[in-house]
Protein chains: 2
Amino acid sequence: MSVGLKDIAERLGLSEATVSLALNGNKIVKAETRIRVQKMADEMGYIPNSLARSLVRKKSGMLGLIIPDIENVYYSELVKHINRYCQKVGYRLFVSISNNNVHKEKENVLAMIENCAEGVVIAPVNVSNFNPDYLRYFKTNSIPFVFSSSRYEDVSAPYVMCDLETGMYSLTRYLLAEKGYRSFLLLTGPENVLTLRLRENGFLRALKNEKDVSNEIVRVQAVDYDTASETIHQYLQQKKKIDVIMCVNDTMAIGVINTLMRQGIKVPEDVAVTGFDDSLFAQISVVTLTTVVQDVKKIAEGSVDLLMDRISNQTSANTEILIPTHIVKRASTEGK
Amino acid sequence: MSVGLKDIAERLGLSEATVSLALNGNKIVKAETRIRVQKMADEMGYIPNSLARSLVRKKSGMLGLIIPDIENVYYSELVKHINRYCQKVGYRLFVSISNNNVHKEKENVLAMIENCAEGVVIAPVNVSNFNPDYLRYFKTNSIPFVFSSSRYEDVSAPYVMCDLETGMYSLTRYLLAEKGYRSFLLLTGPENVLTLRLRENGFLRALKNEKDVSNEIVRVQAVDYDTASETIHQYLQQKKKIDVIMCVNDTMAIGVINTLMRQGIKVPEDVAVTGFDDSLFAQISVVTLTTVVQDVKKIAEGSVDLLMDRISNQTSANTEILIPTHIVKRASTEGK
DNA sequence: GTGAAAGCGCTAACAC
DNA sequence: GTGTTAGCGCTTTCAC
């Protein structure tokens, strides 16, 4: 049913080799023959078998991407950009989902090797990973990999991520110095997650040595909409006076805003709210979000560039790229 | 660097064949040998090359999924479920993105064949596709495919999608009969998109023969947040009296609600709003959305089941599965 | 129970 | 210019 090189060769009275060369546009084949072959291939609906090709070439033309969660807008945006950029540099992308689960991530790593990815971008799970030793399989199979969006601190490998610490620092300083807020609440998640810790560090550094400023850190289990909503709902019982609630992502910020508004508390007049990421959510909030922009496209392209570098040059320098962030001011803090 | 069957065989003084059989758990190999081989493979960090395996077995163990847009929450949810379900049935999933572009979809189809997908799920582009003849490549290469979430009307192939027409019908009837709304505005997109047309049909059918009921259809180019916001913003100039604004997806509904609220118009007190899909967005709206539930998980699993069926049984009946929808009532219509 | 041999579909030397 | 050959890493008869 499906047509192969052999079929074309037979029909044309040529050898498989010539057909192969012709189809690959090799100039060594007579132009006329090339055309003839090309035409016949089209006619017969020839589609090359990339399994066979990859096997013999020892190049699959495929890059891998491992992400924790595809429903998270941050990662779906990452996928979009990485996918697009891969195509641009002539590769195909195989995406696999770790479901924020270390064991699954290991499986995905093995799958990448089985599938002969020429390199892989890993967006690490957002839970603590005490033993990411399965990454050594990449080394033993000479497959380069880079971290993207986050990294494992005890694994020495190149990475591309945003400068989250500075991002949160700048945002906090802005709220402090320009908006004059004095009492801060940081709504964040588990302590052991790098990307959250960096935000926290930025937050604390910005407030350090400030007098007449109060800050509080509220830690929740899941950094999502529902959890944020409930947490703030409960927090409101305390009737504490807060100037601004800073969230570690936009989704939580929306949860906070909606909860506040339903209680008749005005944002930003009564209390300001900030997000992080500048995802889709930042703009579809009733009160648009002041947030920190993570330039996902830059992260995506930076990751692929870095990976391509390692694939072709076999450079082994542990390049570490920190993409600058910037803050975007919207309605949720522009009250005072 | 990377270890193959041969390496293991040499170390053990066995043949490649035996090692292969042992690793595949073939009972014909002496249990003791099997263990020995297994152990050595682990020790040496053997990872099978699925390219080679697939080539000889003529089974890649891979299914394909083509979607228009990964940033759209509907599709990312679809990816999640299909991915999960594929794993359950022992397949890997290769996702590719058509970017809502017919030409790209064709490329993706070819890529699926090149990559030897054993079957593929297609979520069609949401623009008119006058000539999806490239789908015949699947037939000529004996690769089964099924449509998911939508379909091309002039292509005869199995499909799994929600009963959008009935969904919209029920919602409209509910608003009419139970809520007593009399003037309806439907905010939808281009005329030639099946999934939108079905909604429209349901809407019109529900209102047909109703006296004292007015309906208006406003058509926009892009069914997204910004377009919906702007359109409603302009529409408000007309100062027409409208009871309910029905949107063809949740994202647009949020755009509408936010725009209304910013104009001081209360939802649902002054005007009610409905969405469609019951995506994440339906619940993160300030005013939670009354909407129609598309059971994405069922669509996902149905699509894979149908595909598996065609892969194994080579059945050729054109099964057409319409998943029932139901409406969920939330704050955005519960005013009157 | 194990090994030898053929071959999956394609490519890349090397002959002719 | 074109054909012959070998072989990518693995599986799977079929002898032994």
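Reckoned from all heavy atoms, side chains included, excluding hydrogens, waters and symmetry mates. Protein chains get the first letters and strands the later ones, always in sequence-line order, with residue 1 at the start of each.
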I'd like to know if [X] pairs up with [Y] as an ion pair, taking the criterion as any Lys NZ or Arg NE/NH1/NH2 lying under 4.0 Å from an Asp or Glu carboxylate oxygen.
X: Glu114(A); Y: Arg92(B); result: yes
X: Glu71(A); Y: Lys80(B); result: yes
X: Glu301(B); Y: Arg84(B); result: no

Options [options], nucleotide nearest the side-chain atoms of [X]:
X: Leu55(A); options: dC10(C), dG9(D), dG3(D); value: dG9(D)
X: Leu14(A); options: dT2(C), dC10(D), dG3(D); value: dG3(D)
X: Thr18(A); options: dC8(D), dG3(D), dC8(C); value: dG3(D)
X: Ala52(B); options: dC10(C), dC10(D), dG3(C); value: dC10(D)
X: Val56(B); options: dT11(C), dG9(D), dG3(C); value: dG9(D)
X: Ala17(A); options: dG3(D), dG9(D), dC10(C); value: dG3(D)
X: Val29(A); options: dT2(D), dT12(D), dC8(D); value: dT2(D)
X: Ser20(A); options: dT11(C), dT11(D), dT2(D); value: dT11(C)
X: Arg57(A); options: dC8(C), dA12(C), dT11(D); value: dA12(C)

**Asked** Does anything in residues 32-41 of chain A reach DNA chain D, meaning a heavy atom under 4.0 Å, and if so which residues?
**Response**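 Within residues 32-41 of chain A, the residues near DNA chain D are Thr33(A).
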**Message:** Nearest whole Å is fine: how far is dG9(D) P from Lys58(A) NZ?
**Reply:** 4 Å
**Message:** Return the CD1 to CG distance between Ile97(B) and Asp69(B), rounded to the nearest 0.5 Å.
**Reply:**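 Reported to 0.5 Å precision, the distance equals 8.0 Å.
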